[in-house]
Q: 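One structure, pasted below without further comment.
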Amino acid sequence: MPEGHTLHRAARLQQRRFAGHQLRVDSPQGRFSDGAALLDGRLLEGVEAVGKHLFHRWEGGLTVHIHLGLFGKFKTYTGEAPEPTQGTRLRWWGEPGTLHLTGPTACDVIESDAEEQLLLRIGPDPLAVRRGDKQRVLSAFARRRIPVAQLLLDQAVVSGIGNVYRAEFCFLAGVDPFMPANEVPSEKVEDIWRLAIAHMRVGERTGRIVTVDPPEVGARLHREIGSRERLYVYKRHGLGCRRCSSAIRKAPLAGRTVWWCPTCQR
DNA sequence: GCTGCATGATGAA
DNA sequence: TCATCCTGCAGCA
């Protein structure tokens, strides 16, 4: 599930629930045993998300960097927690409850210089907008000729966008995903940036990627509606476009799959 | 039960 | 561009 909204949401919820508490830490799987031993019994001071990266600040100046990759998941429990599984890389527990982390691409105690290096490679984050970000995105687009949908997955250009959001934003902006980035009119690039800010904020609040206009599905939106009903193009190949009924298409692009409407996106 | 695929990213060739 | 790492589960036999 992890695009940027997932990480920002995790940061917010973990901050609210666990920050300020002393926690026991271990690594049932064993692959984070050294790190866990360092952290065990310390106070969790804070949690921050940047793009798809998460940073936990622990008492004593220790920072843990987590990247969920494609498979990583956090689960939290109140009261009695289930036994960790073979794959539980990190577990912590204390007065507020228990947290299990499975399947992350990265889970490491990192030094401050490594963190600086990492942060330098992370581009403007629609969920943490700073002055000049839009300009940075515009100039990155102007400089690159790779397909716009490919550029949108480059975390140095915009951080936090993943395969679902990129397909949806191209649709909403009416942009052909294969158009070279430097040929996309700057108004369209600004549209994409604005769409990212608006939709990822909703994703962060709800925990779900929803891009269809609320009027289309009404209040049922966040409940029983299946994921295909919450989106315009992602994984909807063969189905009719919600706007024009053309068959949604899919194709590989630089090792990932992209979906689009050949009529609405030119 | 097995296969392939998935909301990610990296390092080698 | 490819192989690789991480895990779970839908779809199939």
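Chain A is the first sequence line, chain B the second, and so forth, proteins listed ahead of strands; every chain is numbered from 1.
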Q: Who passes side-chain hydrogen bond (donor to acceptor under 3.5 Å, both in side chains) against A:Arg24, sequence neighbours left out?
A: A:Asp40

Q: Is A:Gln155 close enough to B:dA9 that one of its side-chain N or O atoms is under 4.0 Å from OP1 or OP2 there?
A: yes

Q: Would you say A:Tyr165 reaches B:dT7's phosphate, i.e. side-chain N/O to OP1/OP2 under 4.0 Å?
A: no

Q: Take atom CZ in A:Arg12; do more than 12 heavy atoms of anything else shown fall under 6.0 Å from it?
A: yes

Q: Could you work out the separation of C:dC5 and B:dA13 based on their P atoms and round it to a whole Å?
A: 15 Å

Q: Do the side-chain N or O atoms of A:His67 get closer than 4.0 angstrom to the phosphate oxygens (OP1, OP2) of B:dG8?
A: no

Q: Hey, is CD on A:Glu111 packed in by over 12 heavy atoms from elsewhere, all under 6.0 Å?
A: no

Q: For a ring-ring contact (aromatic ring centres under 6.0 Å, His included) with A:Tyr234, tell me which candidate from A:Trp259, A:Phe169, A:Phe171 qualifies.
A: A:Trp259

Q: Using the P atom as the reference point in each nucleotide, state the distance between C:dC6 and B:dG1 in Å, no decimals.
A: 24 Å

Q: Should A:Gln29 be listed as having a side-chain N or O under 4.0 Å from OP1 or OP2 of C:dC6?
A: no

Q: If only side-chain N and O atoms of A:Arg121 are considered, is one of them under 4.0 Å from the OP1 or OP2 phosphate oxygen of B:dT10?
A: yes

Q: If you measure from the P atom in C:dA13 to the same atom in B:dC5, how many Å do you get, rounded?
A: 15 Å

Q: Check whether any side-chain nitrogen or oxygen of A:Lys73 sits under 4.0 Å from OP1 or OP2 of C:dG8, and answer yes or no.
A: no

Q: Considering heavy-atom distances to DNA chain B, does A:Leu118 or A:Val164 have its closest nucleotide positioned more toward the 5' end?
A: A:Val164

Q: Between B:dT10 and C:dG8, how many Å separate the two P atoms, rounded to a whole number?
A: 23 Å

Q: Would you mind pulling out the nucleotide paired to B:dT7, Watson-Crick or G-U wobble, both distances under 3.5 Å?
A: none

Q: So, is A:Arg256 close to the B:dA6 phosphate, meaning a side-chain N or O under 4.0 Å from OP1 or OP2?
A: no

Q: By centroid distance (under 5.5 Å) and plane angle (under 30°), are A:Phe71 and C:dT7 in a stacked arrangement?
A: yes

